Number of protein chains: 2
Amino acid sequence: MSQSQGRGIPDLAVPRLSHYYRALLESRETDVISSEELSRLTGYSAAQIRRDLASFGQFGTPGRGYSVLDLRTALLSILGIDKDWHVALVGAGNLGQALLGYKGFRDQRFKVLYAFDNDPQKIGREFQGVKVYPLSELSQRIAQNNIRMAILTVPVAAAQEVVNQLVSSGVSAILNFVPVRLKVPEQITVQNIDMAIELERLSYRTTRSPGSTKQDTTKQQ
Amino acid sequence: MSQSQGRGIPDLAVPRLSHYYRALLESRETDVISSEELSRLTGYSAAQIRRDLASFGQFGTPGRGYSVLDLRTALLSILGIDKDWHVALVGAGNLGQALLGYKGFRDQRFKVLYAFDNDPQKIGREFQGVKVYPLSELSQRIAQNNIRMAILTVPVAAAQEVVNQLVSSGVSAILNFVPVRLKVPEQITVQNIDMAIELERLSYRTTRSPGSTKQDTTKQQ
DNA sequence: TAGATTGTTAATCGATTAACAATC
DNA sequence: TAGATTGTTAATCGATTAACAATC
């Protein structure tokens with residue numbers, strides 16, 4: 001149930017790195033940027049930015065700041081998004097179909113190669129250029145195409161069984177939209193997105209606290 | 001940039017409460033349940049469960065445990081989901097349409113009354129029983145129907161302008177799927193769901209740490 | 001009464017912030 | 001050299017865990 005990673009790099013820092021990277025995409029690559037400027041762009045404190053970056057290496061120059069280009073490159077590599085990820089999507093329902101077209105994925109190096117579903121109405125069809133295959137072909141296609149990541153948008157009842165298959169086919173990272181606690185071996189990583197729970201969080205904050213709530217800092221901040 | 005709520009109730013506890021509530025939905029309402037049992041069902045430690053609950057009041061009986069029915073009722077009310085929320089969805093693209101049919105919302109007391117979009121192709125159509133109206137009608141319809149919550153699935157470029165309108169029409173809670181930092185007055189609460197960033201988080205964990213990652217604890221635990 | 005389990009206090013752990021010496 | 005800004009150390013803050021007295 002630990003959340004951090006071992007060498008003093010909090011798991012909480014990772015989405016911040018993503019935000020730093022995004023901010024750098026809007027800066028000119030020939031520029032040098034200070035932690036103070038990055039702070040203005042992202043909303044995180046300059047101290048936190050320096051600390052986050054320093055925990056991965058030495059990317060700045062005292063007295064000058066950080067080279068935009070160098071820092072971009074470093075963050076790409078730290079985040080592991082400097083190369084393509086092959087992704088499978090399982091569950092081509094409404095949400096699954098919508099995600100197949102999601103620009104936030106497509107703009108990046110996450111390549112959804114296949115969708116899987118058991119509905120005969122969907123098998124063989126293409127959504128946003130991604131073809132739907134039957135679940136029976138899942139293991140084989142995943143293994144053959146070096147797919148290490150999966151997006152899970154199946155019904156609750158099917159989730160665990162699908163995950164078992166994904167894992168035994170070699171998938172090691174799962175973005176799970178199903179509101180259920182998946183059981184996976186230790187070396188497999190799951191990131192849950194539970195939209196109902198996010199709404200409840202809003203409900204809570206709006207119900208209590210007639211004044212004071214801020215934007216959440218955990219994810220996008 | 002604070003994350004907590006004032007009286008020692010961490011914002012981080014809120015999604016845990018949601019999980020406790022869900023677990024209780026699967027227990028018989030006539031039963032009494034111990035923190036130990038809830039721990040087994042949810043994966044959170046018994047100590048944390050007792051502490052979380054105790055910070056809201058006294059719901060248990062020493063020596064016995066918690067009445068499932070009473071705790072359910074208490075959590076419903078703490079989370080503010082014991083009454084209907086009127087919700088508007090803005091941006092009826094792929095993702096927006098998918099969310100209109102999302103069971104996780106529908107099962108609960110979040111009622112999406114209207115969708116809004118500027119695309120003439122969509123205006124007047126119905127998705128999952130929810131009708132699409134032009135953005136020009138947003139303020140009026142929100143104000144007239146006591147809508148306090150909104151789901152935002154518009155393109156990046158439109159997001160801030162739409163949010164301004166939402167806020168001035170009386171919306172105080174926004175579930176934001178747009179990968180952008182929204183500027184809102186202090187008393188408005190925004191919860192961001194940034195799917196690309198969640199994928200990057202997986203990428204990070206899979207890239208480094210050849211061994212040790214667990215399921216994330218922040219949201220679904 | 002004995003056993004169980006809460007609510008709470010104290011101890012630990014971890015993350016963020018502040019301050020500053022090192023360095024360009 | 002003087003000014004700027006990093007990387008790092010120490011101080012603070014906050015959240016979780018452990019332990020246990022109170023109580024059913």
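Naming convention: chains lettered A, B, ... in sequence-line order (proteins, then strands); numbering from 1 in each chain. The structure presented is a predicted model; accordingly, all values stated were derived computationally and were not measured. Worth knowing before you read on, the calculation uses all heavy atoms, side chains too, and leaves out hydrogens, waters and symmetry mates.
- No side-chain donor-acceptor contact under 3.5 Å links Arg106(A) and Gln128(A).
- Remark: Asp11(B) CG to Gln191(B) CD distance equals 7.5 Å, nearest 0.5 Å.
- One can place CZ of Phe59(B) at 11 Å from P of dT8(C), the figure rounded to the nearest angstrom.
- Residue Thr61(A) has no polar side-chain atom (N or O) positioned under 4.0 Å from OP1 or OP2 of dC24(C).
- Distance Ile49(B) CD1 to dT5(C) C1': 13 Å, rounded to the nearest Å.
- Atom CD of Gln48(A) is separated from atom C1' of dT8(D) by 15 Å (rounded to the nearest Å).
- Rounded to whole Å, the distance from CG on Leu38(B) to P on dG7(C) is 12 Å.
- For Ala54(A), the side-chain atoms get nearest to dT8(D) when compared with the rest of dA18(C), dA22(C), dT8(D).
- Along DNA chain C, the nucleotide closest to Ala47(B) and the one closest to Glu37(B) are compared, and the more 5′ of them pairs with Glu37(B).
- The phosphate of dT16(C) (OP1 or OP2) has a side-chain N or O of Arg16(A) nearer than 4.0 angstrom.
- Distances shown here put every side-chain N or O of Tyr66(A) at or beyond 4.0 Å from the OP1 or OP2 atom of dA4(D).
- Here the nucleotide nearest the side chain of Ser34(B), chosen from dT8(D), dT5(C), dA22(C), is dT5(C).
- The side chain of Arg51(A) approaches dT9(D) more closely than any other nucleotide in the set dT6(C), dT9(D), dT6(D).
- Between Ser35(B) and dT5(C), a side-chain N or O to OP1/OP2 separation shorter than 4.0 Å is absent.
- Contact annotation for Gln58(B): backbone-only contact, meaning every heavy-atom pair under 4.0 Å involves sugar-phosphate atoms and none involves a base.
- Close to dT17(D), at under 4.0 Å from its OP1 or OP2, lies a side-chain N or O of Ser45(B).
- Looking only at atom types and distance, the side chain of Asp52(A) has no donor-acceptor partner in the side chain of Tyr44(A) under 3.5 Å away.
- Looking at heavy-atom distances under 4.0 Å, Arg64(B) makes contact with sugar-phosphate atoms alone, never a base.
- With Arg72(B) contributing its side chain and Leu24(B) its backbone, the two residues share a donor-acceptor pair below 3.5 Å.
- Under the Watson-Crick and G-U wobble criteria, each requiring two contacts below 3.5 Å, nucleotide dT6(C) is paired to dA21(D).
- In this entry dT12(D) has dA15(C) as its Watson-Crick or G-U wobble partner, both defining distances falling under 3.5 Å.
- In this structure, Glu37(B) and Ser27(B) have side chains that are not in contact, with every pair of non-hydrogen atoms separated by 4.5 Å or more.
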